[in-house]
There are 2 protein chains.
Amino acid sequence: MTGRTGPADSEATRKPRRSTQQKSAISAELSTLGGFVSAQELHRLLNASGSGIGVATVYRQLNRLADDGEIDTVTSPDGERLFRSCHTAEHHHHIVCRQCGTAVEISPPVEQWLDDVGRSNGFTAISHTFEVFGICADCSTSAETS
Amino acid sequence: MTGRTGPADSEATRKPRRSTQQKSAISAELSTLGGFVSAQELHRLLNASGSGIGVATVYRQLNRLADDGEIDTVTSPDGERLFRSCHTAEHHHHIVCRQCGTAVEISPPVEQWLDDVGRSNGFTAISHTFEVFGICADCSTSAETS
DNA sequence: TCCACTAGTGATAACGACTATCAATAAATA
DNA sequence: TATTTATTGATAGTCGTTATCACTAGTGGA
């Protein structure tokens with residue numbers, strides 16, 4: 001016991017969360033982009049526009065935002081994690097453009113199905129990833145005319 | 001023109017393929033294991049049982065086997081690739097035990113659905129990953145009784 | 001308003017998975 | 001058996017991501 005009063009963890013698990021310029025810059029950039037971006041790319045973009053945010057901070061904030069459910073994450077085919085600001089809190093999936101990161105939300109008919117399959121095979125604590133990549137209409141037309 | 005006769009690429013793209021002890025050892029270990037393993041783990045196991053196979057070789061063979069469709073690959077939630085010998089050549093998915101790597105083949109009702117969704121959103125060249133992880137019956141019971 | 005406290009930052013080292021390099025080795029073929 | 005060259009293995013390098021740690025800057029109280 002330290003004797004400090006403290007905010008007595010308002011939510012389930014207390015998490016101080018202090019608002020900083022970097023955090024705002026990151027979320028801002030993320031929402032103006034719209035599509036999915038890698039942490040590396042985001043870091044590059046942020047520094048290109050002047051702010052001297054470090055890589056570590058980008059990763060930190062991105063992870064935190066993801067934990068808090070404020071952004072969506074996806075793992076690209078080559079193992080890189082991609083992020084995008086998302087407003088739907090509930091579980092959903094995307095079809096993501098390999099080229100520009102544009103994403104459309106989809107709801108594949110697998111959630112219920114998965115439960116059944118898991119149960120009937122004796123599996124518990126089931127988690128799943130369903131990620132779809134493709135080339136969006138814009139990118140495929142611009143590729144043709146080049 | 002080198003003048004060599006050569007096998008005139010029997011398949012689509014010619015690929016010499018020479019049979020080596022290492023390759024056999026790797027596929028053997030893979031099929032006795034049964035479940036999914038990471039390249040690193042496989043390398044560890046192989047060296048534990050005497051053979052002095054290098055990491056590079058493990059990765060090379062694993063990649064080659066995967067390319068040839070002789071083994072299945074899956075990407076774990078933390079980005080590591082897992083391999084297992086598989087006999088079904090056609091496209092399918094698995095539900096994999098996070099603990100022991102045991103896998104059951106599943107065929108989620110998404111293949112056709114995906115086509116439709118992709119088309120209706122203007123996406124082409126669609127690829128998808130659908131990976132399910134859980135704890136198998138064996139592992140969950142052994143965890144209880146510990 | 002000033003201060004103490006500490007979450008958050010940033011530079012960089014470290015880490016882990018994976019790949020490239022390259023001399024040496026060992027299958028296949030003549 | 002000799003020749004050719006695919007394959008190997010040790011190792012350095014790449015790349016994404018995280019840990020470390022001294023320092024900076026929100027925040028709440030005096």
Side-chain angles (χ1 to χ4, degrees), chain A residues 2-11 13-27 29 36-47 50-68 71 73-83 101, chain B residues 1-11 13-27 29 36-47 50-68 71 73-83:
Chain A
T2 54
R4 292 194 74 262
T5 333
D9 56 324
S10 44
E11 297 299 310
T13 51
R14 98 217 84 137
K15 36 192 170 181
R17 300 302 133 94
R18 190 173 284 188
S19 72
T20 66
Q21 296 183 333
Q22 292 84 340
K23 179 174 180 174
S24 323
I26 289 171
S27 345
E29 185 70 37
F36 278 92
V37 231
S38 68
Q40 300 286 349
E41 174 109 14
L42 187 60
H43 176 241
R44 212 177 309 127
L45 290 169
L46 284 167
N47 283 20
S51 55
I53 300 182
V55 229
T57 301
V58 174
Y59 276 101
R60 258 186 304 243
Q61 287 300 347
L62 246 25
N63 284 337
R64 170 164 299 182
L65 286 167
D67 280 351
D68 294 357
I71 62 174
T73 67
V74 138
T75 303
S76 84
D78 41 279
E80 199 178 13
R81 274 165 67 202
L82 308 177
F83 306 82
Chain B
M1 268 295 176
T2 53
R4 292 195 75 264
T5 334
D9 55 325
S10 46
E11 297 299 311
T13 50
R14 99 217 83 135
K15 36 190 169 180
R17 301 299 132 98
R18 190 172 283 185
S19 74
T20 66
Q21 297 184 330
Q22 292 83 341
K23 180 174 178 175
S24 324
I26 289 171
S27 341
E29 185 71 35
F36 279 92
V37 229
S38 69
Q40 299 286 349
E41 174 110 14
L42 187 60
H43 175 242
R44 212 176 310 128
L45 288 170
L46 285 166
N47 284 20
S51 54
I53 300 181
V55 230
T57 301
V58 174
Y59 276 102
R60 260 186 303 243
Q61 287 300 348
L62 247 23
N63 284 338
R64 171 164 299 181
L65 287 168
D67 281 350
D68 295 356
I71 61 174
T73 66
V74 136
T75 303
S76 83
D78 42 277
E80 199 177 16
R81 276 165 66 203
L82 307 178
F83 306 83

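Below, read A as the first sequence line, B as the second, and so on, with proteins coming before strands; counting in each chain starts at 1.
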Side chain of [X] only, please: which of [options] is the nearest?
X: A:A56; options: D:dA19, D:dG9, C:dT19; value: D:dA19
X: B:Q40; options: C:dT9, D:dT8, C:dC18; value: C:dC18
X: A:V55; options: D:dT7, C:dT12, C:dT9; value: C:dT12
X: A:E80; options: D:dT17, D:dG26, D:dT7; value: D:dT17

Can a donor-acceptor pair under 3.5 Å be found between the side-chain atoms of A:R18 and the base atoms of C:dT6?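 Answer is yes: a donor-acceptor pair is held.
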
Determine whether any donor atom in the side chain of A:R64 lies under 3.5 Å from an acceptor atom in the base of C:dG8, or the reverse, and answer yes or no.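 For A:R64, whose side chain was compared with the base of C:dG8, there is no donor-acceptor pair (under 3.5 Å).
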
5'-most by nearest nucleotide on DNA chain D - A:R60 or A:A39: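 By nearest-heavy-atom nucleotide position, the 5'-most residue is A:A39.
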
5'-most contact on DNA chain D: B:T57 or A:G79, nearest heavy atom basis?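 Mapping each residue to its closest nucleotide by heavy atoms, the 5'-most match is B:T57.
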
Could you tell me how far apart B:N63 (CG) and C:dC18 (P) are, to the nearest whole angstrom? 9 Å

Using whole Å, what does the distance between atom C1' of nucleotide D:dG16 and atom CD of A:E41 come to? 14 Å

Locate the shortest heavy-atom distance separating A:A25 from A:I53; write the atom from each residue and the value.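 The answer is CB-CD1, 3.9 Å.
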
What one should report as the nearest heavy-atom pair of A:L42 and A:V37 is N-CG1, 4.3 Å

CD1 of B:I26 to OG1 of B:T57: how many Å apart, nearest 0.5 Å?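 Rounded to the nearest 0.5 Å, the CD1-OG1 separation comes to 6.5 Å.
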
Select base, sugar-phosphate, or nothing to describe what A:R81 touches, counting heavy atoms under 4.0 Å on all strands. sugar-phosphate

Tell me what B:S19 touches on the nucleic acid: a base, only sugar-phosphate, or nothing, going by heavy atoms under 4.0 Å.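 Contact class for B:S19: sugar-phosphate only.
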
